[in-house]
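Below is one structure, written out as structure tokens, with a few remarks after it.
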Amino acid sequence: FAQFYYFCFIPAKKACLSGLFTQTSANKPAVNQELSNLFNELWRLDVNRMKPGIDYTISVQGRAGYVNQGSHVVLDHASLPLFSNVNENKLRNITTFSLFMKLLDNYERSTGITERVTPEELTEINLFLDAVLETQVMKRAHQYLVSKGKSSSDSRQFKNQLNLIWFHLYHRQRNTGPDSCGFEHVFVGETKSGTEVIGFHNWVQFFLQEKNSHLDYKGYQGYTARDQDLPDQDDHVLKLQFSWHGVVKPVGSAFIGTSPEFEMAIFTVVFLMNTERSTTVLVNIDQCQMELVVVRKGRCLGTAYPNLLSSNSRHVSQHAH
């Protein structure tokens, strides 16, 4: 499969730890079966996941063209929004989604501007983490990490660990105060020097920004003209091109419909199961084969995103020949 590396401005390296992160060649890692099994279990436990065609409808439209990073000029291959419709009442009545959405306006969009966390925002983070820890998805991820000696069995210590990984502030841009954190980068998105969108890998934020006319979807990305495996409205991972506040993201990637606890759980597991600065893990989840890319910033998360390689179980039929 072709490999696409984006969003991380750090060359991706394949990590290998205790036989969990193995490779078949220099360029193509083997499927990590142990993590595939775990993540499929988390997928089945994700009762808060929104259902395509029922809880939301997307319209993928045309294939976006190549755009240079930093470009403000881009052809629009999607005249309509990506999200035709989302059941917002359901979204706001699911505790983790509701608390997740309250966090989305807590951050300065631009890197280089020091983040200031208010007592109210700290309370919002605490409530969100408490709710996530109550889900079967995160309980199972916690159980797995305890079995691997990567997390304490004490839920308060595990909460502190999640808080450090996702919410601890650090410097993304030099010569400023702490201006970023894993949660902001992955789930909210940031702009750099007013010319680049960095991070921004969450479908709820995408929908809300699109609804408020801050974001313009330009078309799907990452597929060649010859590729038969084109995206459809049931896909749970998409590669996208969009502009946000007038700044273009040439290629973006996000899960669609999944709960915040599911995304946090899988990326936390990948983060804690290796010590490399950048790790790419190949997994099969539901009908999709994807790379999960995680980059660390010390003991915190720098970025994390899925890179879809194959959907509709196409990778299964290819291997059968």
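Start at 1 with the first residue, then count along the sequence. All values below were derived from every heavy atom in this structure, side-chain atoms included, with hydrogens, water molecules and symmetry-related copies excluded.
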Intermediate values then yes/no, side-chain contact (heavy atoms from CB on, under 4.5 Å), H245 and T191: CA-CA 9 Å; H245 292 278; T191 57; 5.8 Å; no
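Residues K297 and C181 have side chains not in contact (no heavy-atom distance under 4.5 Å, counting atoms from C-beta outward). Counting heavy atoms from C-beta outward, R49 and S259 have side chains that stay 4.5 Å or more apart. Using a 4.5 Å heavy-atom cutoff, the side chains of L91 and F100 are not in contact. For the pair S253/L308, no side-chain contact is recorded, criterion being any heavy-atom separation below 4.5 Å from C-beta on. Counting only heavy atoms from C-beta outward, the side chains of F183 and N106 never approach each other to under 4.5 Å. In this structure, the side chains of L127 and T123 come closer than 4.5 Å at one or more pairs of heavy atoms. Counting only heavy atoms from C-beta outward, the side chains of L309 and M290 never approach each other to under 4.5 Å. The side-chain heavy atoms of I113 and D179, taken from C-beta on, include no pair separated by under 4.5 Å.
Within the 3.5 Å criterion, the main-chain N or O of K218 finds no donor-acceptor partner in the side chain of H77. In this structure, the side chain of Y170 does not engage the main chain of R299 through any donor-acceptor pair within 3.5 Å. Using modelled atom types, one side-chain atom of Q205 and one backbone atom of V188 make a donor-acceptor pair closer than 3.5 Å. Here the side chain of Q241 pairs a donor or acceptor atom with the backbone of P250 at under 3.5 angstrom. When atom types are taken as modelled, the side chain of R172 and the backbone of G302 share a donor-acceptor pair closer than 3.5 angstrom. Side chain of D286 to main chain of C288: no donor-acceptor pair is present (N/O by atom type, distance under 3.5 Å, no hydrogens or angles). H142 contributes no side-chain N or O that, together with a main-chain N or O of A265, makes up a donor-acceptor pair within less than 3.5 Å. A donor-acceptor contact shorter than 3.5 Å links the side chain of N40 to the backbone of S36. Checking side-chain atoms of K249 against main-chain N and O of W244 turns up no donor-acceptor pair under 3.5 Å. Of the possible polar contacts, one joining the Q161 side chain to the K150 backbone as a donor-acceptor pair under 3.5 Å is found.
Placement of L169 and V186 in two distinct hydrophobic clusters is found when ILVMFWY residues are connected by side-chain heavy-atom separations under 4.5 Å, directly or transitively. Both V60 and M50 belong to a single network of hydrophobic side chains, linked directly or stepwise wherever heavy atoms of I, L, V, M, F, W or Y lie under 4.5 Å apart. There is a path of hydrophobic side-chain contacts, each under 4.5 Å, that joins V269 to I285.
Of the N and O atoms on the side chains of E41 and N37, not one donor lies less than 3.5 Å from an acceptor on the other residue. When only modelled atom types and interatomic distance are considered, Y66 and N68 share a side-chain donor-acceptor pair under 3.5 Å. H185 and T303 form a side-chain donor-acceptor contact under 3.5 Å, judged by distance and modelled atom types alone.
Across every non-hydrogen atom of I266 and F39, the tightest pair is CG2-CD2, 3.4 Å. Scanning both residues, L42 and V137, for their nearest heavy atoms gives CD2-O, 3.3 Å. Residues T275 and R296 come closest through the heavy atom pair O-CD, 3.8 Å. Of all heavy-atom pairs between F97 and N48, the closest is CE1-O, 3.2 Å. Between P260 and T96, the shortest heavy-atom contact is CG-O, 3.9 Å. When all heavy atoms of S152 and V146 are compared, the pair lying nearest together is O-CG2, 3.6 Å.
Rounding to the nearest 0.5 angstrom, the gap separating the CD atom in E261 from the OG1 atom in T268 is 12.0 Å. Interatomic distance, CD of Q136 versus CD of E134, reported as 9.0 Å (0.5 Å rounding). Annotation: the span from L103 atom CG to L99 atom CG amounts to 7.5 Å, rounded to 0.5 Å. Atom CG of residue L282 and atom CD of residue E291 lie 6.5 Å apart, to the nearest 0.5 angstrom. Taking CD of E121 as the reference point, atom CZ of F167 lies at 11.0 Å (rounded to 0.5 Å). Within the model, atoms CG of D46 and CZ of R140 stand 15.0 Å from one another, a figure rounded to the nearest 0.5 Å.
When each of F255, F187, Y305, Y56 is tested with W203 by the rule ring pair (Phe, Tyr, Trp, His ring centres under 6.0 Å), just one qualifies, namely Y56.
In this structure, F242 has its ring center under 6.0 Å from that of F200. Aromatic rings from W43 and F262 are positioned such that their centres are separated by under 6.0 Å.
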